Amino acid sequence: MANSEYEYVKREFEYDRHLPPSNWIVVRIDGCHFHRFSKIHAFEKPNDENALNLMNDCATAMLEKFPDIVFAYGVSDEYSFVFREETQFYHRRESKILSLCVSYFTSVYVMKWKDFFPNKELKEPPYFDARAVCYPNLKTIRDYLAWRQVDCHINNQYNTCFWMLVKSGKSEQEAQLALKGTFAKDKNELLAQQFQIKYDDEPAMFRKGSSVYREKVETTVKTDDYGNPIKRPRLKVTVAHIDIIGPEFWENHQHILREGKFMLEFVKKIGIGHMLPPCNWIVIRINACQFDQ
């Protein structure tokens, strides 16, 4: 691009935050005002299977589009995308990662709407917000995913009770009051005694959310001279509704969250300081610490 007298606006005012190296990056996408969106489009309560499958299809498209995403977990109108620890996707520039993820996810949502709601018009555009969070090691990324799945269970159990009470004739305020202060066992008893529903028999997608990852599968790549299939292991994007809190899934899928090798250039990048924006007054305020003592 040719230089001009106006180019200083880019040079002096635009700067990117690079996410720290040797960290797992999680981009969490969350629907904006989806209470209104789901009401306008008459989503089934407490869970609309078509709406959830649409979200899952968008997440699958994300893993197919961005190879550096190694795992995704979704519930309701939320999805978390885990980038591999050593990713250099857009040089780990936060603004690029966030804008690309949320814009692509939203575009796919709109494009695939008719596949899941063939008889419903999209009455207003869906939109999502996004945040990027870094986690320093395998334990914390596993704990993050466990936190989201626990949240899924707590919210779904409450919502199942809430909407069954509303459908039985209670107002939303009465349903909230009936559930106030109840524990998990109380909700299970309510569902069993009043509605003959065993919570553990509810669909796994509702109770455990959706996990999207690449599964190792045997795929026929060609046939030999005698017509026999020749198979090779390949990674295929898979959607599953399984427990990711315990160790079993991760022990059987160690290729997903394998830790990368620590690279020397990462050490150098850690030392890069944050530059204060130009053309601004800088104030340094010094405050005494523990001066009472």
Side-chain angles (χ1 to χ4, degrees), residues 26-67 69-82 98-131 145 148-149 151-164 166-167 197 199-215 217 235-244 249 256:
V26 173
V27 173
R28 187 165 73 242
I29 293 174
D30 199 8
C32 287
H33 302 297
F34 254 57
H35 288 298
R36 167 186 163 85
F37 184 86
S38 62
K39 186 175 182 179
I40 289 174
H41 295 95
F43 283 2
E44 181 67 26
K45 299 294 185 180
N47 295 288
D48 190 298
E49 190 168 352
N50 288 327
L52 293 174
N53 283 326
L54 172 54
M55 292 287 289
N56 294 341
D57 221 39
C58 294
T60 299
M62 290 282 285
L63 266 74
E64 292 171 344
K65 180 69 173 178
F66 304 121
I69 298 175
V70 295
F71 190 83
Y73 178 77
V75 54
S76 185
D77 60 341
E78 171 195 303
Y79 243 103
S80 296
F81 297 95
V82 180
L98 283 177
S99 57
L100 284 170
C101 285
V102 75
S103 62
Y104 189 76
F105 188 95
T106 306
S107 298
V108 174
Y109 192 99
V110 173
M111 288 185 66
K112 290 181 176 287
W113 174 266
K114 279 295 182 184
D115 294 345
F116 296 89
F117 297 101
N119 300 317
K120 285 185 181 180
E121 290 296 325
L122 191 58
K123 295 180 180 179
E124 67 174 36
Y127 59 108
F128 299 81
D129 63 43
R131 70 184 66 191
L145 294 168
R148 300 317 304 139
Q149 188 164 66
D151 212 48
C152 167
H153 164 70
I154 292 171
N155 290 336
N156 183 68
Q157 189 184 45
Y158 179 92
N159 289 334
T160 301
C161 293
F162 176 84
W163 286 107
M164 289 306 300
V166 170
K167 289 175 182 180
I197 294 174
Y199 182 74
D200 288 345
D201 290 340
E202 289 290 285
M205 179 166 62
F206 302 164
R207 293 182 293 107
K208 296 184 180 297
S210 299
S211 297
V212 186
Y213 54 94
R214 296 176 184 87
E215 181 72 278
V217 296
L235 292 175
K236 180 182 178 182
V237 178
T238 302
V239 180
H241 316 293
I242 35 80
D243 177 77
I244 56 172
F249 172 79
I256 295 176

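Since the structure is predicted, the reported quantities are computational estimates derived from the model, not experimental observations. Heavy atoms only: backbone and side chains are in, while hydrogens, waters and symmetry mates are out.
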> Mind checking what makes side chain to side chain contact (heavy atoms under 4.5 Å, CB included) contact with Thr60, not counting sequence neighbours?
Replying inline: Glu64, Val212, Val237, Val239
> What do the steps show when you test Gln149 against Asp243 for side-chain contact (heavy atoms from CB on, under 4.5 Å), and what is the final call?
Replying inline: CA-CA 8 Å; Gln149 188 164 66; Asp243 177 77; 3.7 Å; yes
>> Which heavy atom of Val217 sits nearest to which heavy atom of Lys236, and what is that distance?
In response: CG2-CB, 3.9 Å
>> Which residue is it: Val110, Ile29, Val108? I am looking for the one with a side-chain contact (heavy atoms from CB on, under 4.5 Å) to Cys58.
In response: Val108
>> My understanding is that only one of Tyr127, Phe128, Phe117 makes a ring pair (Phe, Tyr, Trp, His ring centres under 6.0 Å) with Tyr109; could you say which?
In response: Phe128
>> Could you report the tightest heavy-atom contact between Ala42 and Asp48, atom names first, then the distance?
In response: O-OD2, 4.4 Å
> Taking only residues two or more places apart in sequence or in another chain, which ones pass ring-ring contact (aromatic ring centres under 6.0 Å, His included) with Tyr79?
Replying inline: Phe81
> Who pairs with Phe206 by ring-ring contact (aromatic ring centres under 6.0 Å, His included), at least two apart in sequence or on another chain?
Replying inline: none
>> Test of understanding: with salt bridge (charged side-chain N to carboxylate O under 4.0 Å, His left out), list the residues that count as partners of Arg131, not counting sequence neighbours.
In response: none
> So how far is it from Asn53 CG to Asp115 CG, rounded to the nearest 0.5 Å?
Replying inline: 11.5 Å
> What pairs with Glu78 under salt bridge (charged side-chain N to carboxylate O under 4.0 Å, His left out), at least two apart in sequence or on another chain?
Replying inline: Arg148
>> Could you report the tightest heavy-atom contact between Tyr73 and Ser211, atom names first, then the distance?
In response: CD1-OG, 3.7 Å
>> Using modelled atom types and a 3.5 Å cut-off, is there a donor and acceptor pairing between side-chain atoms of Asn47 and backbone atoms of Glu49?
In response: no
>> Tell me which pairs pass salt bridge (Lys or Arg N to Asp or Glu O under 4.0 Å) where either residue lies in residues 98-108, with sequence neighbours left out.
In response: none
> Just by modelled atom types, is the Cys152 backbone N or O under 3.5 Å from a matching donor or acceptor in the Asn156 side chain?
Replying inline: no
> Are Lys120 and Glu44 close enough for a salt bridge, meaning some N to O gap below 4.0 Å?
Replying inline: no
>> Under the rule for side chain to side chain contact (heavy atoms under 4.5 Å, CB included), what residues qualify as partners of Ile154, not counting sequence neighbours?
In response: Val150
>> Using every non-hydrogen atom in the two residues, find where Lys208 and His241 come nearest and quote the distance to one decimal.
In response: CD-O, 4.0 Å
> Tell me, do Pro46 and Tyr158 make a side-chain contact under 4.5 Å, heavy atoms counted?
Replying inline: no
> Under the side chain to side chain donor-acceptor pair (under 3.5 Å) test, which residues partner Ser38, sequence neighbours left out?
Replying inline: Lys45
> Asp57: what forms a side chain to side chain contact (heavy atoms under 4.5 Å, CB included) with it, not counting sequence neighbours?
Replying inline: Lys112, Phe116
>> Test of understanding: with side chain to side chain contact (heavy atoms under 4.5 Å, CB included), list the residues that count as partners of Phe249, not counting sequence neighbours.
In response: Phe71, Tyr213, Ile242, Ile244, His253, Ile256
> Are Phe66 and Phe105 an aromatic pair by the rule of ring centers under 6.0 Å?
Replying inline: no
> What distance separates Lys114 NZ from Leu54 CG, expressed to the nearest 0.5 Å?
Replying inline: 12.5 Å
> Which pairs pass salt bridge (Lys or Arg N to Asp or Glu O under 4.0 Å) with one or both residues in residues 30-39, sequence neighbours excluded?
Replying inline: Arg36-Glu124
>> How close do Leu145 and Val82 get, counting heavy atoms only, and between which atoms?
In response: CD2-CG2, 4.3 Å
> Out of curiosity, Leu98 CG to Arg28 CZ, how far, rounded to the nearest 0.5 Å?
Replying inline: 11.5 Å
> What pair of heavy atoms forms the shortest contact from Arg214 to Val70, and how long is it?
Replying inline: NH1-CA, 3.8 Å
> Atom CE in Met62, atom NZ in Lys65: separation rounded to 0.5 Å?
Replying inline: 11.0 Å
> Looking at residues at least two apart in the chain, or sitting in another chain, which of them share a ring-ring contact (aromatic ring centres under 6.0 Å, His included) with His41?
Replying inline: Phe37, Trp113
